[in-house]
Each structure stands twice: as structure tokens, then as C-alpha cells.
Amino acid sequence: MKILNKERLIDSGGVKIGMLEILSPEIASKARPGQFIVLMASERGERIPLTVVERDFIKGTIKLIFQEAGLTTKMLGAMKTGDSLYSLVGPLGHPTEIKKYGKVIIVGGGVGSAEIYPVARAMKEAGNHVTTILGARSGSLLILENELKGACDEFYVATDDGSYGRKGFTTDILEELLSKGKYDLVYSVGPIPMMKRSSMVTKKFNAKTIVSLNAIMVDATGMCGCCRVTVGGKTYFSCVDGPEFDASLVDWEELTKRNRIYDDKEKHICKLDALQK
Ligand code: FAD
Ligand code: FES
Ligand code: MG
């Protein structure tokens, strides 16, 4: 699991986003849009899921994009070209259902922009009219803007501080578009509040909406139960039943609470340099 290329995409205002290109011919030959891998950065580290953003089955490589959030993503941020991950499992989860829907809106917030990229490309290739809405706190934190522009018919940007694109939220633009015309599918990936708000907006217009949930995962093969989510009143394991679900049926309060379960423990966990030894 050698890192063939490591790049820092963003280092601004305390936000660090990196890209890893990893040699993994088996995963590269099988991964489809919407799927993810689980990696361990070191032997004593934890397992974390990351979306397969791109794959090159001729070179046998996959690309991952990660925002430094806590210990493990900081470890990834400290790794260099030529280093190796301790383990890599995948592809995992159900792929996105790619077909000709008609008019599709794809919404990406923060590092969710990386997660929507393979889906936007595949939806466009399947003959859909694709409208992409990208959101970030500030213009300096946007990723994959040119790549996403090249994979869609209409493109919008919203920033919280108004430094680039429209001032406001992705969901303001989403609501405007839905009030002007009919769309056949909305696909939204980003922070939980953004996906929840997307769902509230699209419910008003009766627009089918898919979200990719970022439930906490451990084994990611359906054995530990850590990634339990409630959708339509039923319990699902996000790793094997998802990670994509109908947004209108997701219990957002439960997901928000469960994703904060280990916050305190994460703060007290052993130091980054200790894990790297
Ligand atoms: P921590 O301090 O341990 O955690 C920070 C926050 O990340 C926690 O509050 C929790 O909400 C979440 N988190 C922590 N551990 C896990 C875990 N094992 N599984 C899921 N979430 C966790 N992030 C990206 O930057 N790029 C991606 O492409 C991406 N794809 C994802 C795909 C899926 C299917 C899922 C479920 C999550 C994805 N994430 C992605 C989120 C990423 O897994 C977390 O940011 C990462 O696990 C944080 O780990 P940490 O040790 O650095 O931070
Ligand atoms: Fe263990 Fe899904 S991560 S069941
Ligand atoms: Mg962690």
C-alpha cells in the first residue's frame, strides 16, 4: 500500500486537506463511484473510512482526499510520498446507482466536494444534465473546482463569508433551483447539518434525495454495529447497507449524537508521535 504521491491541496485558516495516490491494483480494478476504503495509517492506529475519489486501473492506483480532523487524518497529513499505509481494505459499501435520471443536482460541502466528484462524473457520462453546487466556509477552502466544472452542465459556488461565488449556503442555491424547475434527483454529501438542510429543502419540492452518511465505522464489514443508523424507522448498518440512503428518511438527530460519542476520548488519545514509533 505504497503512497506514490502525496499532495497538500489546502492549508488555510486552520483547514488542511491532503491527497494521497496509493498503489492498490485490486481496489483500483473494482472501485465504483460512491464506494470507500478503510485504512490504517500505522500498525497501532485505528481504522478510518475514506471515499475513493478516483481510480486508475491501468496504473493500479486510487486517489483519496482527506481533511485533517483528528489523530488519524493528521497522521496521514504527516506521511510522505514513498511511505506505506499499514493496511487498506476495499472497495466497501454499495456503489451509487448510476443511470439516466434526467436532471440531477449534486451538492458538495467542504471535503464532501471530493466525495461527489466520482458521482458527478459518472452521472454526466450516463447522459444526465448535471448541476453541481459546491460549498465552503471561504473561497480559499474550495477543492476540485475545475474538475467538477468539467463534469457538469451548470456550476454554482456558495461560501459562508461571500469571498467567492454566492454568499450563503449551498442549500440557498438548491432551493432557488428547485423553485424554478423540476429535477429528477438530488445527491448531497457534506457535513451532517448541510445534508439535513438539503433534505428539508428537497422535501418541500418532493425531490428524491440521496445522501452519503458519515457514520462512525470500525470494521466496515457489518460485524461491529458501530455504524448503526435509523432510516425510515429501521436500523441499518451504514457500511454494508449504505453509505447512501434516502435523505427524507434519515434520523439526523441520532446520527449527530452518535458521531460525537468518542469526542472526549479522541482528545485524550495518545500523542501523534507516539503512534508513529
Ligand atoms: P477524530 O478526532 O477521531 O474524529 C473526528 C470526527 O470524525 C469524529 O467526531 C467523527 O464524527 C468522525 N470519525 C472519527 N472516527 C471515525 C470513523 N472510524 N469512521 C467514521 N467517522 C469517524 N473524510 C474525508 O476527509 N474524506 C473522505 O473522502 C471521507 N469519506 C468518508 C466516507 C465514509 C463512508 C465515511 C463514513 C466517512 C468519511 N470521511 C471522509 C470521514 C472520515 O472517516 C473522518 O474524518 C475520519 O475518520 C476522522 O478520523 P480522525 O482520527 O482524524 O479524527
Ligand atoms: Fe461495523 Fe458497520 S462499521 S457494522
Ligand atoms: Mg480518530
Side-chain angles (χ1 to χ4, degrees), residues 8-10 15-22 31-42 44-55 62-79 87-96 108-119 136 141 143-144 189-193 195 210-229 231 235-245 250 252 254-272 275-276:
R8 175 137 283 169
L9 304 181
I10 303 277
V15 176
K16 291 182 180 173
I17 299 182
M19 185 282 296
L20 297 174
E21 186 179 8
I22 297 165
R32 287 160 61 196
Q35 288 190 299
F36 62 95
I37 54 84
V38 162
L39 63 78
M40 284 174 74
S42 81
R44 296 174 60 209
E46 61 182 353
R47 296 160 65 86
I48 65 155
L50 293 174
T51 304
V52 179
V53 178
E54 266 186 86
R55 61 161 187 160
I62 57 168
K63 274 191 190 167
L64 309 173
I65 292 184
F66 61 96
Q67 177 162 0
E68 294 189 24
L71 186 73
T72 303
T73 45
K74 283 186 182 141
M75 287 175 76
L76 293 179
M79 292 180 93
S87 79
L88 186 66
V89 181
L92 298 164
H94 289 287
T96 309
V111 78
S113 306
E115 302 178 49
I116 62 168
Y117 177 49
V119 175
L141 305 180
I143 50 167
L144 298 178
V189 187
I192 294 173
M195 292 192 285
I210 301 296
V211 282
S212 180
L213 298 184
N214 51 352
I216 294 181
M217 296 183 182
V218 179
D219 68 282
T221 57
M223 291 193 290
C224 70
C226 188
C227 65
R228 281 198 304 282
V229 289
V231 181
T235 300
Y236 292 96
F237 287 176
S238 197
C239 63
V240 287
D241 299 321
E244 295 177 359
F245 292 95
V250 173
W252 295 106
E254 182 194 59
L255 180 65
T256 307
K257 270 194 215 145
R258 287 186 63 84
N259 269 31
R260 290 188 188 136
I261 284 178
Y262 302 108
D263 275 6
D264 288 348
K265 293 187 179 64
E266 287 292 350
K267 285 187 195 106
H268 294 108
I269 206 158
C270 43
K271 297 260 183 308
L272 175 60
L275 271 180
Q276 283 175 322

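Just so you know, ligand 1 is whichever comes first in the structure, and atom 1 is the first atom listed for that ligand. Residue numbers count from 1 along this sequence.
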* Heavy atom of Arg260, distance to ligand 1 below 4.0 Å ->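 Arg260: no contact with ligand 1 (<4.0 Å).
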
* Are Met75 and ligand 1 in contact, using a heavy-atom cut-off of under 4.0 Å? -> no

Contact (N/O only, under 3.5 Å) between [X] and ligand 1:
X: Phe66; result: no
X: Ile65; result: yes
X: Met217; result: yes
X: Thr51; result: yes

Per-atom contacts of ligand 2 with [X], taking only distances under 4.0 Å to non-hydrogen atoms:
X: Ala220; value: 1 (Fe), 3 (S)
X: Val218; value: 3 (S)
X: Met223; value: 4 (S)
X: Gly222; value: 4 (S)
X: Phe237; value: 4 (S)
X: Asp219; value: 1 (Fe), 3 (S), 4 (S)
X: Cys239; value: 2 (Fe), 3 (S), 4 (S)

Between the candidates [options], which shows the shortest non-hydrogen contact distance to [atom]?
atom: atom 42 (C) of ligand 1; options: Cys227, Pro243, Pro49; value: Pro49
atom: atom 48 (C) of ligand 1; options: Thr73, Ile192, Leu255; value: Thr73
atom: atom 50 (P) of ligand 1; options: Ala215, Gly70, Ala41; value: Gly70
atom: atom 51 (O) of ligand 1; options: Gln35, Glu46, Lys74; value: Glu46
atom: atom 15 (N) of ligand 1; options: Leu71, Ile216, Ile261, Val53; value: Ile216

* **Arg8 CZ: over 12 foreign heavy atoms closer than 6.0 Å** => yes

* Arg47, CZ: over 12 other non-hydrogen atoms inside 6.0 angstrom ->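 Count over threshold, so yes.
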
* Asked: Applying the side-chain contact (heavy atoms from CB on, under 4.5 Å) test to Gln67, which of Ile143, Ile17, Leu50, Leu141 qualifies?
  -> Ile17

Looking at every heavy atom in both [X] and [Y], which two are closest together, and how far apart are they?
X: Ile37; Y: Gly90; answer: CG2-CA, 4.2 Å
X: Gln35; Y: Gly93; answer: NE2-O, 2.8 Å
X: Gly108; Y: Ser113; answer: O-OG, 3.8 Å

* Would you please test Phe36 and Cys239 for side chain to side chain contact (heavy atoms under 4.5 Å, CB included) and show each step? => CA-CA 9 Å; Phe36 62 95; Cys239 63; 4.3 Å; yes

* Atom indices of ligand 1, in the order listed, that fall short of 4.0 Å to a heavy atom of Arg47 ->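 Heavy-atom distances to Arg47 below 4.0 Å select 18 (N).
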
* Asked: Can you tell me the N, O or S atom of Glu46 that's nearest the Mg ion (ligand 3)?
  -> OE2

* **Heteroatom N/O/S of Cys224 within less than 2.8 Å of atom 1 (Fe) of ligand 2** => yes

* Do any N/O/S atoms of Cys227 come under 2.8 Å of atom 2 (Fe) of ligand 2? ->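 Checking Cys227: at least one N, O or S atom is under 2.8 Å.
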
* Please report which non-hydrogen protein atom sits nearest to atom 4 (S) of ligand 2, along with the residue it belongs to and the distance in Å to one decimal place. =>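 That would be Gly225 N, 3.1 Å.
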
